[in-house]
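Contents: one structure, followed by commentary.
Numbered from 1 within each chain, the chains take letters A, B, ... in sequence-line order.
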Amino acid sequence: MKITTWNINSVRLRMPLVAQFLKDHRPDILCLQETKCRNAEFPFSDFRALGYEHFAINGQKGYHGVAIISRHPIELLETRDFCEKGDARHVSVGVANGGAPLVVHNFYVPAGGDEPDVEINPKFAHKLGFLDEMAEWIVRDRITDGRVVLVGDLNIAPLEHDVWSHKALLQVVSHTPIEVEKLDDVFRAGPWIDAMRRFVPRDEKLYTWWSYRASDWTKSDRGRRLDHILVSEALSNALENLSVLREARSWTRPSDHVPVTISLAV
DNA sequence: ATGGTTGCTTGGCAA
């Protein structure tokens with residue numbers, strides 16, 4: 001079972017790139033973030049033409065929006081409204097996969113604005129509050145019981161080698177100590193396994209996002225690992241492979257995030 | 001230290 005997570009930054013604009021990716025890589029399940037369209041505007045027929053006929057979507061006009069698209073039947077479990085702001089930032093499904101069912105959660109955590117100070121930046125306060133609520137929910141609802149995968153753009157690069165320069169980014173939103181601490185709380189709440197780091201040692205650089213604000217993203221390679229795949233302990237021995245498709249950052253009119261795919265023996 | 005780009009919209013946020 002191959003599961004891909006990809007912050008697409010407008011699914012309608014980038015549908016040709018999504019189609020190419022699906023033709024070339026054929027994941028079983030695709031989790032998108034920042035679809036940026038209402039549910040009625042979602043490009044269902046483009047996915048159906050590629051053999052992806054099952055959907056669980058949570059969209060809104062212009063901002064945010066998450067979607068799970070599958071080649072196999074899925075059951076919509078929930079679209080949870082963290083922080084009760086009406087943002088479309090979560091969707092979860094159950095996948096009947098022969099034996100024990102698999103649960104997939106797809107998240108788009110708030111980016112948090114520019115200033116890492118809750119006193120002056122309500123967007124940063126929202127981000128930290130969102131992470132607190134995630135950790136509470138994981139414990140209270142026993143989210144990691146059974147075979148569970150949590151993917152998405154979590155907008156935090158927690159490890160030193162999840163960013164191009166630990167020192168330069170300590171006060172930059174996405175890598176500040178308070179955010180890293182909150183994300184660690186989310187990890188421990190499971191506990192979850194950081195699936196990507198099972199395949200790439202923690203002392204090696206690993207990025208999934210490169211800013212648009214660089215003339216040539218390949219020259220300085222100033223990336224961050226903002227996208228994550230977490231699995232419950234029941235899936236620990238099922239982790240088979242990881243693929244971070246760096247080349248997608250160089251496609252025509254790319255997203256600033258690249259697809260990340262995990263292969264599970266389930 | 002600053003400014004750099006993109007998308008949704010058409011002025012100015014959000015990222």
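Nucleotides of DNA chain B nearest to Thr35(A) and Ser215(A) differ in position, and the one nearer the 5' end is that of Ser215(A). In terms of position on DNA chain B, the residue among Ala214(A) and Arg38(A) whose nearest nucleotide sits closer to the 5' end is Ala214(A).
Taking atom NZ of residue Lys219(A) and atom C1' of nucleotide dG4(B), one finds them 15 Å apart after rounding to whole Å. Going from atom CH2 of Trp209(A) over to atom P of dT6(B) covers 13 Å, rounded to whole Å. Computed from coordinates, the Glu115(A) CD to dT2(B) P distance equals 12 Å when rounded to whole Å. Here the P atom of nucleotide dT2(B) and the CD atom of Gln171(A) are 14 Å apart, to the nearest Å. One interatomic measurement links the two molecules: CG of Leu17(A) to P of dG7(B), which rounds to 10 Å at whole-angstrom precision. In this structure, the CD1 atom of Ile8(A) is 16 Å from the P atom of dT6(B), given to the nearest Å.
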Tell me, with the steps shown, if Leu159(A) and Arg197(A) meet side-chain contact (heavy atoms from CB on, under 4.5 Å).
-> CA-CA 10 Å; Leu159(A) 302 178; Arg197(A) 284 298 183 186; 3.5 Å; yes
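Residues forming a salt bridge (charged side-chain N to carboxylate O under 4.0 Å, His left out) with Asp132(A) (at least two apart in sequence, or on another chain): Lys182(A). The salt bridge (charged side-chain N to carboxylate O under 4.0 Å, His left out) check on Asp145(A) picks up Arg142(A), with sequence neighbours excluded.
Across dG3(B) and dA15(B), the matching C1' atoms stand 15 Å from one another, rounded to whole Å. If you take atom P in dT6(B) and the same atom in dT2(B), they sit 23 Å apart, rounded to whole Å. Between dC8(B) and dG4(B), the distance separating the two P atoms is 22 Å to the nearest Å.
Contacts of Arg222(A) with the nucleic acid, taken as non-hydrogen atoms under 4.0 Å apart, are absent.
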Listed pairs, N/O of protein and of nucleotides 13-15 of chain B, under 3.5 Å:
unit_1	atom_1	unit_2	atom_2	d
dA14(B)	OP2	Lys123(A)	NZ	3.1
dA15(B)	N6	Arg213(A)	NH2	2.5
dA15(B)	N1	Arg213(A)	NH2	3.1

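Taking the centre and axis of the six-membered ring of Trp209(A), the NZ or CZ atom of Arg224(A) falls outside the cone set by 45° and 6.0 Å.
Dashed line: the shortest gap from a side-chain N or O of Ser10(A) to OP1 or OP2 of dC8(B) is under 4.0 Å.
The aromatic ring centroids of Trp137(A) and His90(A) lie less than 6.0 Å from each other.
Side-chain contact annotation: Thr176(A) with Glu179(A), donor-acceptor N/O pair under 3.5 Å present. A side-chain donor from one of Asp227(A) and His257(A) sits under 3.5 Å from a side-chain acceptor of the other.
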